[in-house]
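Heads up, the thing below is written out as structure tokens.
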Protein chains: 2
Amino acid sequence: MLDAIARLRRFNRAVTREVGALDTSFLGRGRPLGMVRVLQLVRPEGTDVALIRDRLTLDSGLTSRFLRSLEREGLIETDTDPADRRRRIARLTTAGQAELAAYEAIGHDRAARLITKAGSRADEVVAAMDLIATLLNRDQMEIREADPDSPEALACQRAYFSELVARIPGLHLDQFPLPDPKADSYRPPKGRFLVAWSDNLPVGCVSLRPLDTTTAEVKRLWVHDSARGQGLARRLMTAIEGEARSLGYTTLKLDTNSALTEAIKLYRATGWSDIAPYTQPPGDTWMGKTL
Amino acid sequence: MLDAIARLRRFNRAVTREVGALDTSFLGRGRPLGMVRVLQLVRPEGTDVALIRDRLTLDSGLTSRFLRSLEREGLIETDTDPADRRRRIARLTTAGQAELAAYEAIGHDRAARLITKAGSRADEVVAAMDLIATLLNRDQMEIREADPDSPEALACQRAYFSELVARIPGLHLDQFPLPDPKADSYRPPKGRFLVAWSDNLPVGCVSLRPLDTTTAEVKRLWVHDSARGQGLARRLMTAIEGEARSLGYTTLKLDTNSALTEAIKLYRATGWSDIAPYTQPPGDTWMGKTL
DNA sequence: AATAATATCTGACTAAAGTCCGACATATTA
DNA sequence: TAATATGTCGGACTTTAGTCAGATATTATT
């Protein structure tokens, strides 16, 4: 443990230097870092000013001045929130989107250089970064609905199928075409596809499709390697069960494979129990839950 | 590659937040971060002011002011470098060492909390941090002489023997007692023990012991997992060969095991060639080089 | 309806970091 | 020996980040 702490602190020092260098790169476009950090949180659809303040733990006065400055530059627009007219919502303008893209490009170049530096160990380094970033972002993971054919949902499903193939003997990737021809069953109004985000990286998914008017099936529960052991699968299951409830289903089913031991353990721990088989292989374990 | 870059940038964001929080923790002792960073580079034996400036990429005026301020507080002392009297050398006083220890304690607490947060995956997280920190520190790795019984040299040898045991069937750790009863042969004036440092972490070692007046043996070449694939083993070999040369040896020998393929590949690539056996198992490959 | 709480904004202020310049002593080169 | 380069220093200045208090509008509570 003592040694681990010394090594973590070495990591901090190394990264402080790197991040310090990264900060100055933002200055390349003549705007202070604080303002850029705000800009990066403003979405084209609009972001709550309170959320920005909260995320960056900024003083309200400072936030306000940053927003005014960005507004003067024409990068954002602000409006009062119709729901609570004390609140304000900041929205990225077209010019703002272009400016943000320019920052993306700068960061992109720096990142590419660092990855090149990693040489033959680039994959390992990226996996290591994922692990650390997911850990640091842990308290800010969000679960949002997504279209099953969106790029992020496809990435999740691809990873999920790869894992199935790796863990269950006799399966092949071409058995799982993507985009899924049956994607429509995971779409509203009867179905759902949820994606878990850690910052901008999709780190998990789960989906729901109707079987009959009162029964739905949970499918494709997957968690990114870097996010395992942190209770995300449980959160995803809670979320999808909540969706099922609000869609009016009273019974849930799922089929899984006995090789996926952690998943089965989770199901049992959250009130699922074995039921009669209702699908073909690769499923060999069937479970159900009454809502 | 594209995806890797997006993920690296996510890592940067996560770490910027964490490091930002880390920075403010330094303010707890009423000294600005910049000054603390300088203080951390000053060693009790003395550090070149130019080196400090270089490492932190500071303006000379700013560096000077930080040093004056630390000097006024009695934490450091400065002297002109006798070798080049334009240069100055900063030395940590006893008070400075105490102050630095206090900072260590603060960082220690924060680090311990983060590791606790990693839970069951703490080991993986620390390994991931090592990999990234070593990559970022790559251009600043230093090779320095150490006593074979110093804690860092022992750590290196322990890791080296563990690796031997893991890779060569039939070996047991108790065959390699530490501290080494024959440590004296690796000490000056006839022997050498070199340790490679990445920041404060020993990431590699190599040693030399006399066989006769003109022949020496290279032993215990080891590189930390996080530092592999970056040419460190080659640097260590170059360094130890240089030491051998300056000690007046004309011939070098080593014995190794055929399981250590990367090492053997390196030896062949740097002018070593096979020679007649001269030791017992676990050695099964013997090489020599004329200086 | 009065009071309290909340969200934002503005202005005044401070601390920290960093830049630029000239002065000075010393070292290197022509 | 003269000219040039280098390393350090201190002063004047700017930018950035952050704090604090008060004003205003709106919402929630009593």
Side-chain angles (χ1 to χ4, degrees), chain A residues 16-17 19-42 46-73 76-91, chain B residues 16-17 19-42 46-73 76-91:
Chain A
T16 307
R17 260 205 326 279
V19 167
L22 190 138
D23 283 3
T24 61
S25 90
F26 282 111
L27 297 170
R29 296 188 71 80
R31 210 168 280 115
L33 175 63
M35 239 152 79
V36 177
R37 293 207 302 161
V38 170
L39 186 63
Q40 287 177 329
L41 282 182
V42 180
T47 309
D48 250 35
V49 169
L51 187 138
I52 295 172
R53 234 191 8 246
D54 195 51
R55 278 283 173 90
L56 303 177
T57 56
L58 288 177
D59 175 85
S60 65
L62 189 54
T63 313
S64 174
R65 252 168 293 134
F66 282 155
L67 290 173
R68 280 309 79 64
S69 177
L70 290 170
E71 208 167 24
R72 268 198 305 278
E73 288 192 78
I76 65 167
E77 288 168 345
T78 58
D79 269 314
T80 59
D81 182 344
D84 177 345
R85 295 177 47 224
R86 292 169 303 183
R87 291 170 166 274
R88 309 215 81 196
I89 291 177
R91 219 176 41 253
Chain B
T16 306
R17 261 205 323 279
V19 167
L22 190 138
D23 283 1
T24 60
S25 90
F26 283 110
L27 297 171
R29 295 187 70 79
R31 210 168 280 115
L33 175 63
M35 239 152 79
V36 177
R37 295 206 301 161
V38 170
L39 186 64
Q40 286 178 329
L41 281 182
V42 181
T47 309
D48 249 36
V49 169
L51 187 137
I52 295 173
R53 239 198 354 254
D54 195 50
R55 279 284 173 88
L56 302 177
T57 54
L58 290 177
D59 175 85
S60 66
L62 188 55
T63 313
S64 173
R65 252 168 293 137
F66 283 154
L67 290 173
R68 282 309 78 67
S69 177
L70 291 169
E71 207 166 24
R72 267 197 306 278
E73 288 192 80
I76 66 167
E77 287 168 344
T78 57
D79 269 313
T80 58
D81 182 343
D84 178 343
R85 296 176 49 223
R86 290 170 303 184
R87 290 168 167 276
R88 310 217 81 196
I89 291 176
R91 221 177 39 252

To the nearest angstrom, the CD-C1' distance between B:E71 and D:dC9 comes to 12 Å

| task | May I ask you to say what B:G34 touches in the nucleic acid, namely base, sugar-phosphate or nothing, with a heavy-atom cut-off under 4.0 Å? | result | sugar-phosphate

Of the listed C:dT8, C:dA17, D:dG10, the closest approach to the A:A50 side chain comes from C:dT8

task: Check whether any side-chain heavy atom of B:R68 lies under 4.5 Å from a side-chain heavy atom of B:T78, and answer yes or no.
output: yes

If the cut-off is 4.0 Å, is B:R86 near the phosphate of C:dA25, judged by side-chain N/O to OP1 or OP2?
no

Atom CZ of B:R88 and atom P of D:dG10 are separated, to the nearest Å, by 9 Å

Closest of C:dA16, D:dA17, D:dC9 to the B:S60 side chain is D:dC9

message = Under 4.0 Å, heavy atoms only, any strand: does A:R53 hit a base, just the sugar-phosphate, or nothing?
response = sugar-phosphate

Note: for A:L58 and A:D81 on DNA chain D, the residue whose nearest nucleotide lies more 5' is A:L58

Atom CG of B:L56 and atom P of C:dA16 are separated, to the nearest Å, by 17 Å

So does A:R85 get a side-chain nitrogen or oxygen closer than 4.0 Å to the phosphate oxygens (OP1/OP2) of D:dT26? yes

Check whether any side-chain N or O of B:R65 sits under 4.0 Å from OP1 or OP2 of D:dG10, and answer yes or no. no

In the structure I gave you, are the side-chain heavy atoms of A:I52 and A:F66 within less than 4.5 Å of one another anywhere?
no

Query raised in the report: Tell me, do B:V36 and B:Q40 make a side-chain contact under 4.5 Å, heavy atoms counted?
Result: yes

Are any of B:S64's side-chain N or O atoms less than 4.0 Å away from OP1 or OP2 of D:dG10? yes

To the nearest angstrom, the CG-P distance between A:L70 and C:dC9 comes to 12 Å

Atom CG of B:D79 and atom P of C:dA25 are separated, to the nearest Å, by 18 Å

Side chains of A:L58 and A:V38, heavy atoms from C-beta outward: is any pair under 4.5 Å? yes

Rounded to whole Å, CG of A:D84 lies from P of C:dT8 at a distance of 8 Å

Separation of D:dT6 atom C1' from B:D48 atom CG, nearest Å, is 13 Å

>> Any base atoms under 4.0 Å from B:D59, or only sugar-phosphate, or nothing? Heavy atoms, all strands.
In response: base

Assert: residue with more 5' nearest nucleotide on DNA chain D, out of A:A83 and A:F66, is A:F66

Taken to the nearest whole Å, CG/A:L62 to C1'/C:dA16 is 14 Å

**Heavy-atom check, side chain of A:D48 versus side chain of A:I89, under 4.5 Å** = yes

query = Think A:R87 has a side-chain N or O under 4.0 angstrom from the OP1 or OP2 of D:dT26?
reply = no

